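The first residue in the sequence is number 1, and the count goes up from there. For ligands, and for the atoms within them, numbers begin at 1 and follow the listed sequence. Treat the numbers as computed from the prediction; the structure is a model and nothing was measured.
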Amino acid sequence: MWLLSIAGNRTLLAKNLLVSLSKQPIINRTLYNQVKSFKPHQTKSLTLTNRVNLSKSFIRWNGSSQKPKPTMSTSEIIRKLVQFIWPKNKTHIKIRVVIAVSLLFGSKLLNVIVPFLFRDIVDFLNKNAKLKDFGESTSDKILITMIALIVGYGCARAGASLFGELRSAIFATVAQSSVTQLATQVFRHLHKLDLNFHLNRQTGALSKAIDRGTRGISFVLSALLFNIAPTILEVAMVTGILYAKFGLYYALVSVGCIGGYTTFTFLTTKWRTKFRIDMNKAENEAGNKAIDSLINYETVKYFNNDDYEVKRYQESLMKYQQSAIKTSTSLAVLNFGQNTIFSTGLTAIMLLAGYGAVSGQMTVGDLVMCNALLFQLSVPLNFLGTVYREVRQSILDMQNMFDLTAIQAGVKEKPSAPNLIITPSKSAIVFDKVRFKYQEGADLFSDLSFEVPSGKKVAIVGGSGSGKSTIVRLLYRFYDPLEGRVLINGQDIRNVSLDSLRQKIGIVPQDTVLFNDTILYNIHYGNMKTNVEDVYKVAEMCDLHNTIEKMPMKYDTMVGERGLKLSGGEKQRVAIARTMLKNPYIFVYDEATSSLDSITEQIIMSSLRKLIHGRTSICIAHRLITVIDADEIFVLENGKVVERGSHKQLISNPFSLYHTLWQKQSEQSYLKETDAGKI
Ligand SMILES: Nc1ncnc2c1ncn2[C@@H]1O[C@H](COP(=O)(O)OP(=O)(O)OP(=O)(O)O)[C@@H](O)[C@H]1O
Ligand SMILES: N[C@@H](CCC(=O)N[C@@H](CS)C(=O)NCC(=O)O)C(=O)O
């Protein structure tokens, strides 16, 4: 009977749990998502495999510049959790925790009162079964008592539920404030880490780590308060009551049954977790293949590979199917085992109570009470395996997240570093015997020295991979030299605050990446303190204003992910415009006009010239034609400045590298023009 009722109630219970959890803090959504993650297209499920991958990627991040701490132990994690539940100087959180715990006791107390009332109802009805045998006034009393008992029973049930819900609502603030606090901390830390870390990151792994880690915190906190602690409390209360009222045997059967149930659940859950890992792995694989294939829609069509793509996708789906079947069958084993153990315990208690009833030591009401006390426990115990698995996963997620916060940036600011002192006329840049390499192996720069005088425009030219962009990264302190110094206005940039250094330098990078927002937002990003008129002004200077005005949404046009909805030239103009808005003392542009047609390039170059006039600027260029007006041109080869001088000086030496480069580029543009002529 009990088995049947449990089986019948399973779907309802799971549904109820999910509905109630989904109303709860993030913890509950995690569980909710987990159950929903059976669909192969969903790729956001929590998996152990993903966490293993995350850990691996963290190991990869820990390149030469990062010094990782060892993984946080479970006890350290628990200590962290306690800090969230009982934070110093946050009395309002502590008050909430105290209220939530009191409500927990209240709800569990009412919960165990319910079987007592049930017993009283049964015994009372047993005694007063036939009203006609009593006089009118007595039968009225009987009726009133019966109604009071049954209404009391209903109220106790409703009260237990009310206390439980109140506890959840009050605790939600504790869990959510922990999540917000922690996610902000980790996000800030990630922005503090250097470029090396971010270049080595796995796409999406960081946000996943924050997402899962914070969800993990919320899950564990809520699971503790909503499931684990209440269940332990209820088990203790039920066992205590059985012992106090009916004796040792009852208590032993109860402890034995719940102990066996828990051991079986933990062992079976451990065994079947691997099927879920495989299932989630296959699910992710199928999802990634589908996304990759659809992103490459054009390529698939160019090579008529539709069938091949479908086959690859289907293979992943088959893997998913196999592990999903194993997950379901092992779930059946778990559920059946749990029910068998519980039913055995319940039967044993009923046998004892039945014997007690026939031998006159107990009433029928007592038998019903024993049944109800144990039966109530079956509800939370039915999710023990799931909670156990989720808590273990959450702890791993938290470990990954805390490991992230333990990674140290290679480029660090000195404690209480002063601000960089700089004016437009005092902003000379010096590279002094700089040695640098990205990885083990040969140096990229072994002894790089040069000076960019204040207010002058210096161009750096050289072959691809000669290290031009690296010079900019060293100047901006994305990396530090292994030896030597970089000075601005005589100050070693390692000794000044990063913020003041970066505030004074404006960079138009080689590859412009925009935020997936409006054009206005992207230009305004250069200097949030400016107003819209300033944005229009710089857009006009970059010959962008008219282009934007022609767009249907004008400045509110969304640029798409990474700015992909804009043409290469438009994107570059946005990048130049926002750097103009920043209005820095030192201006660096790295192939800033490479995607522009010659007319637009000329317009922008003349705006740039006006803007940088009198400011120290470094211009990195492949096309020498764009830098002939530079005060000085440095030719970079094998990590050294091998030639320097004005365009005129350099070109006048027919044996110079610059001369050769110039000749080659002139030939290329001549060829292009002739080809164009032919067409
Ligand atoms: N983060 C990195 N890790 C390892 N190697 C790197 C990294 N960034 C650049 N490199 C290597 O360092 C060398 C110099 O790169 P850099 O980008 O400075 O060259 P560049 O002169 O600007 O090239 P281009 O003109 O093609 O843009 C290249 O060989 C490049 O592959
Ligand atoms: N009785 C089992 C299962 C409980 C259950 O039904 N869990 C729901 C989630 S709330 C589920 O769908 N589980 C799927 C699974 O464990 O594979 C246990 O203790 O874990």
### Query
Does any N or O atom in Arg272 lie less than 3.5 angstrom from one in ligand 2, N or O only?
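Yes.
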
### Query
Below 3.5 angstrom, do we get any N/O pair linking Arg389 and ligand 2?
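Right, the criterion is met.
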
Heavy atoms, side chains only, cut-off 4.5 Å: are [X] and [Y] in contact?
{"X": "Glu570", "Y": "Arg573", "value": "yes"}
{"X": "Asp590", "Y": "Ser469", "value": "yes"}
{"X": "Ile507", "Y": "Thr579", "value": "no"}

### Query
Are Lys433 and Glu483 within salt-bridge range, i.e. N to O under 4.0 Å?
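The answer is no: the pair does not qualify as a salt bridge.
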
### Query
Hey, are Lys457 and Asp631 close enough for a salt bridge, meaning a charged N less than 4.0 Å from a carboxylate O?
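Result for this pair is no, no salt bridge flagged.
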
Which atoms of ligand 2 have any heavy atom of [X] under 4.0 Å away?
{"X": "Gln338", "value": "1 (N), 2 (C), 18 (C), 19 (O)"}
{"X": "Leu334", "value": "2 (C), 18 (C), 20 (O)"}
{"X": "Gly385", "value": "18 (C), 19 (O), 20 (O)"}

### Among Asp432, Asp480, Asp492, side chain to side chain donor-acceptor pair (under 3.5 Å) partner for Arg485
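Of all the options given, the one that passes is Asp432.
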
May I ask you to decide if the ring planes of [X] and [Y] are parallel, tilted or perpendicular, using 30° and 60° as cut-offs?
{"X": "Tyr388", "Y": "Phe266", "value": "parallel"}
{"X": "Phe445", "Y": "Phe436", "value": "tilted"}
{"X": "Tyr658", "Y": "Trp662", "value": "parallel"}

Identify which of [options] has a heavy atom lying nearest to [atom].
{"atom": "atom 4 (C) of ligand 2", "options": "Leu384, Asn382, Leu381", "result": "Asn382"}
{"atom": "atom 3 (C) of ligand 2", "options": "Thr327, Thr269, Asn335", "result": "Asn335"}
{"atom": "atom 15 (C) of ligand 2", "options": "Arg276, Glu390, Met279", "result": "Arg276"}

### Message
At under 4.0 Å between heavy atoms, is it the side chain or the backbone of Thr386 that contacts ligand 2, or both, or neither?
### Response
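The part of Thr386 near ligand 2 is both the backbone and the side chain.
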
### Message
Distance under 4.0 Å, heavy atoms only, partner ligand 1: which residues pass?
### Response
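Residue list for ligand 1: Leu199, Tyr438, Gln439, Leu444, Gly463, Ser464, Gly465, Ser466, Gly467, Lys468, Ser469, Thr470, Arg473, Tyr479, Gln510, His622.
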
### Query
Has the side chain of Lys274 got a donor or acceptor atom that lies under 3.5 Å from a matching backbone atom of Trp271?
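Present.
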
